[in-house]
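Owing to the predicted nature of the structure, the values given are computational and were not obtained by experimental measurement. Just so you know, these numbers use all the heavy atoms, side chains as well, and skip hydrogens, waters and symmetry mates. Protein chains get the first letters and strands the later ones, always in sequence-line order, with residue 1 at the start of each.
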Amino acid sequence: MSSETKTPDKFTIINELARRRGFFWQSYEIYGGVSGFVTYGFLGAKLKQNIEKKLRELFVNKLRILEIESPVIAPSKVFEASGHVDHFKEPMVECQKCKRRFRADHLLQEFAKIGESEAEKLSLKELKEAIEKHEIRCPECGGTFGEPKYFLTMFKTAIGPYSEAVGYGRPEAAQGIFVEFRRLYDMAREKLPFGALQIGHALRNEISPRQGLIRLREFTIIDLEFFFDPEEPNCFLLKDVENETLRMVLAESKLRGSEEIVEVTVKEALEKSYIKAEWQAVFMALAKKLLVDLGVPAEKQRFIEKLPWERAHYALQSFDQEVYVERWGWVEVSGHAYRTDYDLKRHMQFSGADMRVFKEYEKPVETEQTVIKPLMAKLGPVFKEEAAKVAEVLSKADPEDVEASIKKNGYYMLGEYKILPEYVEIARQKVKERGKRFVPHVVEPSFGSDRMVQFALEYAYRVKDDRSVLSFPRDIAPIQVGVYPLVSKDGLPEKALQVYKMLLDEGFMVEYDEAGSIGRRYARADEIGIPLGITVDYETLKDNTVTIRDRDSWKQVRSGIEDLPELLHKYFRWKANFEDLGKPF
RNA sequence: GCGGUCGUAGUCUAGCUUGGUCAAGACAUCGGCCUCCCACGCCGACGACCCGGGUUCGAAUCCCGGCGACCGCACCA
């Protein structure tokens with residue numbers, strides 16, 4: 001402990017509370033703990049589930065979105081295709097004198113004026129040579145650098161006990177969706193737009209994760225890949241959200257060194273092309289609403305545009321949704337990337353599978369095309385064993401070119417082969433095209449589930465009369481109702497247990513507590529954010545009514561036990577306010 | 001990974017300088033008593049020196065290593 005006792009900040013208090021009351025804690029504590037890994041206790045797991053449920057309500061059910069679950073481990077091919085094997089590693093050099101580490105490519109950009117894209121392409125050997133050539137020394141102490149080494153931030157493993165097959169732990173769940181695209185498209189009845197969602201663990205071998213739930217080595221990611229036709233980019237949900245406002249920090253402001261926030265409606269953001277894809281704008285609006293529903297006020301949120309060199313390798317435009325927290329300022333909670341057709345195209349290249357979709361024209365398009373038919377009877381004697389190859393290459397040449405050249409010059413040079421007019425038949429052919437094939441575009445909202453838990457806690461936390469209260473929005477509270485006998489005798493516990501069982505049967509998350517004074521039990525319940533407390537007292541034995549207590553106002557109302565199920569169902573679906581639950585007490 | 005600070009019950013702290021009747025207090029938890037609606041009071045119980053090695057007759061205390069935490073640097077595709 002440090003000698004000067006600082007008052008702990010909110011983050012510290014919340015983490016302490018989370019550990020003490022069983023929301024979450026660092027994993028493997030009995031072996032000293034390993035940073036970047038966390039275990040959720042009962043309350044935390046429930047809170048997280050409720051948050052994810054809320055996201056599903058908002059995104060999944062209304063939007064033709066298919067939720068799937070795919071593996072965490074993937075063969076190396078998958079992440080080679082996705083570009084992660086190339087991009088997920090950093091070339092590092094260590095100063096031999098002061099042991100500080102630096103990004104080798106960043107040093108070259110800064111001190112040798114080598115362009116960013118150029119610096120990124122250099123191999124370890126080339127980096128070493130460039131550093132030596134430009135005599136780059138440690139910017140901190142002037143020492144010389146050792147060998148550049150890659151730091152790979154993906155977890156690597158071997159698939160199968162005796163196998164050499166390399167596998168990686170996924171750093172995002174998105175690839176699990178892209179590789180299954182053909183089946184998913186099938187399940188979506190071959191209609192665009194549609195989306196696929198995955199909530200699951202992802203692994204990133206962070207260098208030094210030490211911000212609680214904010215940076216973990218194993219964490220829960222929520223990746224939503226939404227596929228659409230770039231020629232029909234309109235979003236059918238736009239009307240519902242076009243007047244929602246977004247607080248944005250644009251790339252152009254950042255370039256000027258400013259973090260000025262512009263507040264615009266979704267509609268304006270699209271009109272002014274702050275946001276390029278309509279779907280992306282809509283998802284951003286929904287993401288804002290989600291965080292508001294989790295208790296983060298709109299003014300504590302913003303969307304910050306990534307500069308080209310800050311963007312992931314797959315993204316054409318991306319925004320980070322950030323939430324303001326006391327300890328660190330603005331922290332990312334979701335990323336909104338326009339991934340275009342990058343991923344599907346790459347998997348198409350690497351796997352050979354056709355990721356294109358077929359789009360039927362309203363009317364078939366008839367076109368007349370020039371067709372070059374090789375006449376094998378002539379080609380054979382001239383080119384002998386090469387004839388088949390010539391014919392094949394010829395079929396790939398542009399027929400218009402071939403025809404034009406033959407008309408003009410009397411021959412066509414196909415590489416080193418001279419094609420004379422008599423070798424081919426030039427014909428016109430009518431072709432009926434019923435549609436075309438293309439690779440769909442993707443916008444991706446991607447949420448960190450653990451961060452949402454952290455932010456929900458941060459904004460739920462209040463202090464009332466020196467007591468900690470977690471004022472969760474009522475629909476994400478891990479436990480909904482506490483049931484208490486006023487005293488633990490005279491038949492009150494028996495009566496309270498009846499109420500408790502009834503509410504359990506109704507499907508509520510209920511807790512029963514008879515230990516300690518009633519005030520202490522209320523305080524305990526407030527600290528884990530139970531919205532309502534039901535107390536069985538001596539009145540109850542006479543007229544079958546109980547008191548209902550509100551966590552936030554500490555007000556109490558009185559109601560009949562038989563009315564509780566309906567009243568509470570309404571309350572938790574936001575169809576009744578606390579005051580509607582009974583008569584003031 | 002570097003530098004600084006630090007690691008004692010579930011939590012917060014005392015003890016460490018000067019090694020030895022030293023493992024203490026408060027809160028929380030559990031049991032009991034009290035018609036008890038906002039952490040009431042009283043009685044009782046459970047419960048800790050981060051791990052490993054060294055020095056020593058003897059280590060929570062001194063030394064070394066490891067692990068972990070916080071702050072700063074770097075990193076966060």
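Summarising the geometry, the separation between CZ on A/Phe37 and P on B/A69 is reported as 11 Å, rounded to the nearest angstrom. Across the protein-nucleic acid pair, A/Arg20 atom CZ and B/U11 atom P stand 9 Å apart, rounded to whole Å. Residue A/Glu206 contributes atom CD, which lies 16 Å from atom P of B/A74 at whole-angstrom precision. In this structure, A/Ile214 places its CD1 atom 16 Å from C1' of B/A69, rounding to the nearest Å. The distance from atom NZ of A/Lys555 to atom C1' of B/C37 is 17 Å, rounded to the nearest whole Å. Counting to the nearest Å, the P atom of B/C12 and the CG atom of A/Leu17 are 12 Å from each other. Regarding A/Ile13, its CD1 atom lies at a distance of 15 Å from the P atom of B/C70, rounded to whole Å. Counting to the nearest Å, the P atom of B/C38 and the CZ atom of A/Phe585 are 10 Å from each other.
The base of B/C38 is paired with the side chain of A/Arg549 by a donor and an acceptor separated by under 3.5 Å. For B/C38, the base has a donor-acceptor partner in the side chain of A/Arg467 [N/O atoms by modelled type, under 3.5 angstrom]. Side-chain to base pairing of A/Arg327 with B/C71: no donor and acceptor N or O lie closer than 3.5 Å to each other. Contact annotation: side chain of A/Tyr522 to base of B/C37, donor-acceptor pair present below 3.5 Å.
Contact annotation: A/Gln26 reaches the phosphate of B/A69 (side-chain N/O to OP1 or OP2, under 4.0 Å). Note on A/Thr153: every side-chain N or O is 4.0 Å or more away from OP1 and OP2 of B/A77. Contact annotation: A/Arg520 side-chain N/O to B/C40 OP1/OP2 distance is under 4.0 Å. Within the structure, every side-chain polar atom (N or O) of A/Ser517 is placed at least 4.0 Å from both OP1 and OP2 of B/C37. OP1 or OP2 of B/U11 has at least one side-chain nitrogen or oxygen of A/Arg19 nearer than 4.0 Å.
With a 3.5 Å ceiling on both atom-pair distances, the Watson-Crick or G-U wobble partner of B/C73 is B/G1. The pairing partner recorded for B/C67 is B/G7, the criterion being a Watson-Crick or G-U wobble arrangement whose two distances lie under 3.5 angstrom.
Rounding to the nearest 0.5 Å places CZ of A/Phe585 at 5.5 Å from CG of A/Asp537.
Using a 30° and 60° split on the angle between ring planes, A/Tyr314 and A/His84 fall in the tilted class, from 30° to 60°.
Here, B/C49 and B/G7 have their P atoms 15 Å apart, quoted to the whole Å. For B/C27 and B/C43, the P atoms lie 12 Å apart once the distance is rounded to whole Å. Nucleotides B/C63 and B/C6, compared at atom P, are 12 Å apart to the nearest Å.
Within a 6.0 Å sphere centred on NZ of A/Lys254, heavy atoms belonging to other residues, nucleotides or ligands number more than 12.
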